[in-house]
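Computed over heavy atoms, backbone and side chain alike; hydrogens, waters and symmetry mates excluded. To find a chain, count down the sequence lines: A is the first, B the second, and so on, and within it residues start at 1.
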Amino acid sequence: MVKLYAGIDIGSRSIGFVVLSNDRITFSKLEDTGFEPLTAAKKLLTGHYNRVVATGYGRHAARSDFADQVVTEIKAHAIGAGHIFPGARTVLDIGGQDTKVILLNNNGAVIDFQMNDRCSAGTGKFLEVMAAALGYANVAEFGESALTGGSDIKISNMCTVFAESEAVSLMHQGTPRADIALALHASVVERTAGMLQRLSFSTPLVFSGGVANNRCIVTLLAKKLGVQVLVPPQPQLVGALGAALAAQKRESDSFTS
Amino acid sequence: MSNYNEMWRSLGLNMAAHDQLLQVLPPTYHDVYLTQPNRPQGMEYFDFVVNEIHGLRIQELQEHKKTGGKVFGAFCVFVPEEIVRAAGGICIGLCSGIDIGAAKAEKVLPRNICPLIKSFMGFKLDKVCPYFESCDVVVGETTCDGKKKAFEILNDYIPVHVMETPHMKKPRDRELWLEEVRDFAQLVQKTTGHNISTGDLAKAIKEVNGKRRALQRLAELRKQDPALISGKDSLVIEQIAMYDDIPRFTEKVNELCDELERKVQTGTGAFPRKTPRVIVTGTPMAIPNWKVPHIIETSGAVIVAEELCTGLRYFEKEVAEDAQTTDGLLENVAARYLGINCAVFTPNTGRMERLLQLAKDYQTDGVIHCALSFCDPYAVEANRVEIMLKQHNIPLLKIETGYDQEDTGQLKTRIEAFIEMISKA
């Protein structure tokens, strides 16, 4: 009988779900977290799985409900990124509300990490708020527009609320919207690069999480750091993939021991 | 605890605010402490002491005062309690581990200041701490700029005597500190109206050393794997050490150690064998600041030592008992206290060496450096700690946090990830 391992990443913004069988993804899905994360998560679990591992903010709620085991987002992203890009030494994960930099050794094990404190500055939430403030339909449009902007201005506030007022006052001064968009993206990159440099990151560098879909951030980051930034095909699913791999590994461990 | 209402009222406590505090404490203690599995039976006494934190112990202080006894309050492990005891006084640690009276405290203090300082000012200005209200004198020190300046303000509300703790350990600093210890002895004699004889001081030194030895014995037992007692239980014992009656406390810690020694024989612990072992180091954790230890021990690790003032720095060295004169004994007292590895000292290499030694002695898998927000001495010294631990391949997690609970989710993720990282796969 085919064994199925499920990984579920319950984040602040989205829920990633990956099912593995013999190292191969047999099913994957991305859903909005919505207002009832646990209900949304349970809807994804339609079949029978040999093991379910949860990660993300909702991992402990999932553990007391349906999951067999939990791993942190940090471990999940490390495993997932290392699977897609074998030999990866650094993982940058920018999700809905936090940013993580994870260093790996050459066996793919976590050796150090850093996570932003408390506030959402520089995360997916920051970009969402700014896209809305500037009247873009969505974050994707915001990112594309930023790529066309000029780089004469700088946003000096990192706090989401203050940066928003700064952006709005620039609009009132008649600054082109695309320029403001670019400056906001640059401020996220500035902060992210600082975090990577503080940890003395090494390459290959993998960028996971929803913000990795933003082409402007990826381009600016690669330029700022002077290194190649590897983005997986579905960066939002890296955590769920890592969780599924942890489920598969745990099961094989228990057979051998 | 309702039968204490009259006593609290007579102390001038703000009854409404005090009631609120007492409504928070028992549920917190229940969730953090009483739900732990495999606790030693000997913890019953310490649970009782915490339960009676504003009751029985305060009543004892009041009875002491009725017979003319004096009470000295302190915030720091630099205040030599043997001197207070030698003069028949009682030395107690003051309240400072919870967000309280913040609005009042912010009237006299900047908003961004260490939560411990803001807390003690809030406790005093809001009249919520019966220990404060029982004190004849508060003894401050100069172990950080924030406290040093806050004591000037606190002196507007209660008499404060400040001891100048040096910032270096050169011969002239030793002389300065000895002078400060002598001045303190003078102040204590004047306040209590009791002259300290050589015999009184020698006896008090022995008693306080006895307390330290009991705590050292407990610390020694924590080298065992499986861990015999949780870090949270050990921390609360170390916190209680600062305000409980000395002989009674010493006896209870020794009884607990007897029980733990029997557990060594049977091989039963509070945690499974091979649980990841962590040392916590940094700024002291006053009652009820159990946030980080609670997260650590509910995330799959056990804390085996606290390189903190509410921990090893409080009890790890004894006062030499050999001198025959009062002055000789005071020199011994001064020497013992100046050996404390407080981050106010520069350089503070003693702390680095001690931490490394602890990591080896306790077979530690990792160190969690926990500084209170805006605590410059420890937050900055974290860099020295990080470099030293890196050289020895000991994993480190650095945390800066306050008394609020808003970062609990964040801290949980970081601490869990750290424990995943140090766990042997």
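When A/H60, A/Q114, A/K100 are compared by the number of non-hydrogen pairs under 4.5 Å with chain B, A/H60 comes out ahead.
Residue-environment remark: CZ (A/R13) stays at or below the threshold of 12 foreign heavy atoms within 6.0 Å. Counted within 6.0 Å of CG on A/N105, heavy atoms from surrounding residues, nucleotides or ligands total more than 12; the atom is thus considered enclosed.
Between the side chain of B/E420 and the main chain of A/T72, a donor-acceptor pair closer than 3.5 Å is present. Using modelled atom types, one side-chain atom of B/Q410 and one backbone atom of A/N116 make a donor-acceptor pair closer than 3.5 Å.
Between A/V110 and B/M421, the closest heavy-atom pair is O-CG, 3.0 Å. Shortest non-hydrogen contact noted between A/F113 and B/R414 is CZ-O, 3.2 Å.
If you measure heavy-atom distances from B/K398 to chain A, you find no contacts under 4.5 Å at all. The contact between A/I111 and chain B is made entirely by backbone atoms, counting heavy-atom distances below 4.5 Å. When heavy atoms are compared at a cutoff of 4.5 Å, B/L397 approaches chain A solely by way of its side chain, counted from C-beta outward.
Between B/T413 atom OG1 and A/D98 atom CG the span is 7.0 Å, to the nearest 0.5 Å.
Considering only residues two or more places apart in sequence or on other chains, B/T364 meets the side chain to side chain donor-acceptor pair (under 3.5 Å) condition with none of them.
Using a cutoff of 4.0 Å between basic side-chain nitrogens and carboxylate oxygens, B/E416 and A/K75 are not scored as salt-bridged.
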